[in-house]
*Asks:* 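One structure, pasted below without further comment.
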Amino acid sequence: MSEQHKVLEGVGKRRVKRTFEDDSDTESNRPSDNNDASVNERDAQSDSTPANMNELRKLARQKYLDKRELEVMALASRDLELLEEDVKKYGWDNLSTREQEEINIKRQAIQLVKDRRELEAGSRKGYHIIDRKEDSLQNAEIKQGEPAGKERGWEDQQLEYSVRAQDYNDKKIFVQGSDKYEFVLDDNAKVKFTDEEEILPGKREYQKELVANLETEVKRLETIAETRKSLPVYKYRDELLKAVRDHQVLIVVGETGSGKTTQLPQYLVEDGYTAGGKFMVACTQPRRVAAMSVASRVSDEMEVVLGKEVGYQIRFDDKTTRDVTILKYMTDGMLLREFLTDPELSRYSCIMIDEAHERTMATDILLGLLKDILPHRKDLKLLISSATMNASKFSAFFYDAPVFNIPGRRFPVDIHYTLQPEANYLHATVTTVFQIHSAMPLPGDILVFLTGQDEIENVRETMEEIAFKLGKSIKPIIITPIYSNLPQQQQSMIFEPTPAGVRKIVLATNIAETSLTIDGIKYVVDPGFVKENSYVPQTGMSQLLTVPCSKASVDQRAGRAGRVGPGKCFRLFTKWSYHNELDDLPKPEILRTNLSQVVLLLLSMGVTDLLKFPMLDKPSIANIGRSLEQLYVMGALNSKGSITKLGRIMCEFPCEPEFAKVIHSSAANEKCNGVLEEVTTILAMLFEAASIFATGKERKAVLGQMNSDHMLYLEIYNTWANNGYRRSWCQDHHIQHKTMARVRNIRDQLWRCSEKLGLVALNQLQIKKDPNMSQSIKEQRIMRSFITGFPANIAKLTSKGYQTIGRNGGMAVHIHPTSIVFSLTRETGKPFKYLLYQQLMLTSKEFMRDCMPIPNEAWLHEMVPHYYNNLG
DNA sequence: GAGCACTGC
């Protein structure tokens, strides 16, 4: 019995030594009940403890909580070292049968641990051991109130997959009977053990299970190690690391399937760039789901708990631990925000900008900022991963940085072109799909790229009719549409495995080009078009036009056929067209969006000469000019063009400056404050306006009549909130619950931001002053708030219909038929004289989206005099 | 009386 006690103490020493080498003389450990508050309290009260002891203990506690089955198993098997000493001391024959048996089993166990260590030594060093078994994941309980995995969409599933392991792990340690214990570092409170079985159940079943689990774990590790080594990037590991050592900036051209995203950051960590936890390696992704799922996989490969050594950071979800996380996957937008608080990015030693060829706005700005700080941060390494086509552009941008090529691993895809251009690509699409279906053997699903929801629904109908007519002369097909606004349940259908003898036909927008991958696709049909949104600064209007894809896009689409085996891609345009008519790359976002947010961000970082700011593609002067003007009108800039106090406040908000201005006014402008809460809700709804309604039709039927889309949004949100934020309420009202959940998140984030900046307090002052503000006064104040943010977005009713007013006035515009104002006007026959709109969009006509009637022209002059009084 | 690709803080 006392042997057992000694054993445990010894083991504790070893464990602590390994984790905290600097504090080797303050160590000890004991099991304690996880839920026993008094024990923890006693920990905290041990007053002979050094001041930093509590910190240390917290850290230790954190670490030990993360330990899983194997850590406990390893612990148990390390006992053997001490048991063996006893064998020497007392002689084998003097031990009891039970003790002998125990030692035998532990001998086997330790052998397995040794094997595993050897395996580890090959690829990594110094990480804690945890397990992550697929089946444990699948058996983990699903959070209450959530539907089962199958009913949810891919994003939720991915998220759950990333997160659940973490939750599960926090709560459980796997060894049967040992789940009561955690190991806490403590130098005073030593507990005397009276019953050895309580500490380590020396039962045969346990030992057997231990060995069996170890074997499973060794196999799993072998598989992971093999998979890592089999990736194309593995062969280049040393060369890559040498290149990183020799150069500050490295362009990495890694095709899909090369493993760059998961492996490169790990190599950097292994090569010591995190300096024992002092620095971080960051890898940016353009999309949230990618950041989450890659982080999850890498934490698995490195055998750490997601959120500790390896974590991710996206809006609304920070799964990192300060001073512990050494490898962080994050969205590019998050890193950009981090520049605001830490302009030198001093916490990072290496930054990898992944998927840089996608040229998101955040990536482009990041590259410019990084180029600026590299001379001051000689120790900072920058890796840029790009597709082949623009590697030289990145290289030139960073003073001819070396380009490193890593081949991909993909199956060959045959490309077929049409012999002559197709007059009607939709017709050609349907024909091609049925040709493939009748001529090619099963299995092998078909992925069709279309431009939008409308097209997808039309093609689907046509195909269903044809399939019906053909009846049993063809094999059965399943048609599954996928586009981002498709409600969740229907989205998940594309991931259902195709039944035998059936062909699945996926009709997708370019969401399937990068954002999600579908297994089992063997054929791709590509008409070669995409809808592209672009912003015209002169008119302030966006246009959504169907344009031909770039070469990079169609190549990417073709690649989707070669993921599981050799595939075929049918392009509904000519080979000549591919080589002579298509652009190489899609137009970068920075050339087709409103720049006010970026301009304000750069100004707040002290970039005063915007034209000199390094950028891969320079936006037009007209665009920058218009942004500066907008910012000036809102008071974010003074007449000299430098940022004001208000401008800095606006920068703090994670949204466009126009929206931030509305928030600010609703709390701080005495002409309209006291409505911060309402305004925050409306703005959060406006961000997601496009995907709130399941279909466009239901909008007016949702609730009673409202005067404006803005007030309708407010009413919808409040009613939903009053109904307990329930999913069923959304279903009853044809509203997408997932979108509403996002709105709630955004709303909370904006509110917290207002709180931090003291706006909530200001708002409260006004409410105290006028506690019985009537509904109509509130509404008026909301309208005024919006005018301050969107002074140029006003249309006036003339004899020729609505026309814009303001600097570029006189343009004929129309109320969008989905707007509540549209139906309201029709019902009453009385159009409003002035309308404020959130967006002008050119589709078939110049439409105003999300409209709000302005009942009083004088408000315009009152709220933004410097704009309206100077119009003449 | 239209019909909005896709991201992100």
*Asks:* Among residues at least two apart in sequence or on other chains, which ones pass side-chain hydrogen bond (donor to acceptor under 3.5 Å, both in side chains) with A/Arg315?
*Replies:* A/Gln749
*Asks:* Within the pair A/Thr509 and B/dC6, is there a side-chain N or O less than 4.0 Å away from OP1 or OP2?
*Replies:* yes
*Asks:* Within the 4.0 Å heavy-atom criterion, would you say A/Asn533 contacts the bases, only the backbone, or no part of the nucleic acid?
*Replies:* base
*Asks:* Identify whether any heavy atom of A/Glu355 sits under 4.0 Å from a base atom; if not, whether one sits that close to sugar-phosphate; answer base, sugar-phosphate or nothing.
*Replies:* nothing
*Asks:* Nearest whole angstrom, please: distance from the P of B/dC4 to the CG of A/Leu686.
*Replies:* 19 Å
*Asks:* Roughly, in whole Å, what's the span from CD1 in A/Ile820 to C1' in B/dA2?
*Replies:* 16 Å
*Asks:* Within this structure, what is the CG-to-C1' distance between A/Asp364 and B/dG8, rounded to whole angstrom?
*Replies:* 13 Å
*Asks:* Just checking A/Met841: base, sugar-phosphate only, or nothing, at a heavy-atom cut-off of under 4.0 Å?
*Replies:* nothing
*Asks:* Under 4.0 Å between a side-chain N or O of A/Lys531 and OP1 or OP2 of B/dC6?
*Replies:* no
*Asks:* Write down the distance between CG (A/Leu544) and P (B/dA2), rounded to a whole number of angstrom.
*Replies:* 16 Å
*Asks:* When we call it a touch if two heavy atoms are under 4.0 Å apart, what does A/Arg337 touch: a base, just sugar-phosphate, or nothing?
*Replies:* base
*Asks:* Just how far, in rounded Å, is C1' of B/dG1 from NZ of A/Lys845?
*Replies:* 8 Å
*Asks:* Verify whether the ring centers belonging to A/His734 and A/Phe693 lie closer than 6.0 Å.
*Replies:* no
*Asks:* Please figure out whether A/Arg849 or A/Pro286 has its closest DNA chain B nucleotide nearer the 5' end.
*Replies:* A/Arg849
*Asks:* Nearest to the side chain of A/Arg287 - B/dA2, B/dC9, B/dT7?
*Replies:* B/dT7
*Asks:* B/dT7 C1' sits how many Å from A/Leu591 CG, rounded?
*Replies:* 16 Å
*Asks:* Between A/Tyr837 and A/Phe790, is the gap from one ring center to the other below 6.0 Å?
*Replies:* no
*Asks:* Give a yes/no on whether any side-chain N or O of A/Arg359 is located under 4.0 angstrom from OP1 or OP2 of B/dT7.
*Replies:* no
*Asks:* Report yes or no: is there a donor-acceptor pair, N or O only, under 3.5 Å between the side chain of A/Gln597 and the base of B/dC9?
*Replies:* yes
*Asks:* Please work out whether the ring planes of A/Phe573 and A/Tyr578 are parallel, tilted or perpendicular, with thresholds of 30° and 60°.
*Replies:* parallel
*Asks:* Answer yes when A/Glu677 and A/Arg747 have at least one side-chain N-carboxylate O distance shorter than 4.0 Å, and no when they do not.
*Replies:* yes
*Asks:* Could you tell me whether A/Phe847 contacts a base, only the sugar-phosphate backbone, or nothing, with contacts defined as non-hydrogen atoms closer than 4.0 Å?
*Replies:* sugar-phosphate
*Asks:* Find the distance A/Asp354:CG to B/dT7:C1' and express it as a whole number of Å.
*Replies:* 15 Å
*Asks:* Remember a base hit wins even if backbone is also touched, and classify A/Ala690 as base, sugar-phosphate or nothing at under 4.0 Å, heavy atoms.
*Replies:* base
*Asks:* Just call it for A/Glu513: base, sugar-phosphate, or nothing, with non-hydrogen atoms closer than 4.0 Å on any strand.
*Replies:* nothing
*Asks:* B/dT7 phosphate, OP1 or OP2: any side-chain N/O from A/Thr331 under 4.0 angstrom?
*Replies:* no
*Asks:* Is the phosphate of B/dA5, meaning OP1 or OP2, less than 4.0 Å from a side-chain N or O of A/Thr451?
*Replies:* no
*Asks:* CG of A/Leu842 versus P of B/dC4: gap in Å, rounded?
*Replies:* 11 Å
*Asks:* Answer with yes or no after comparing the ring centroid distance for A/Tyr425 and A/Phe529 against a 6.0 Å cut-off, counting only values under it.
*Replies:* yes
*Asks:* Toward the 5' end of DNA chain B, which comes first, A/Gly452 or A/Phe653, by nearest nucleotide?
*Replies:* A/Gly452
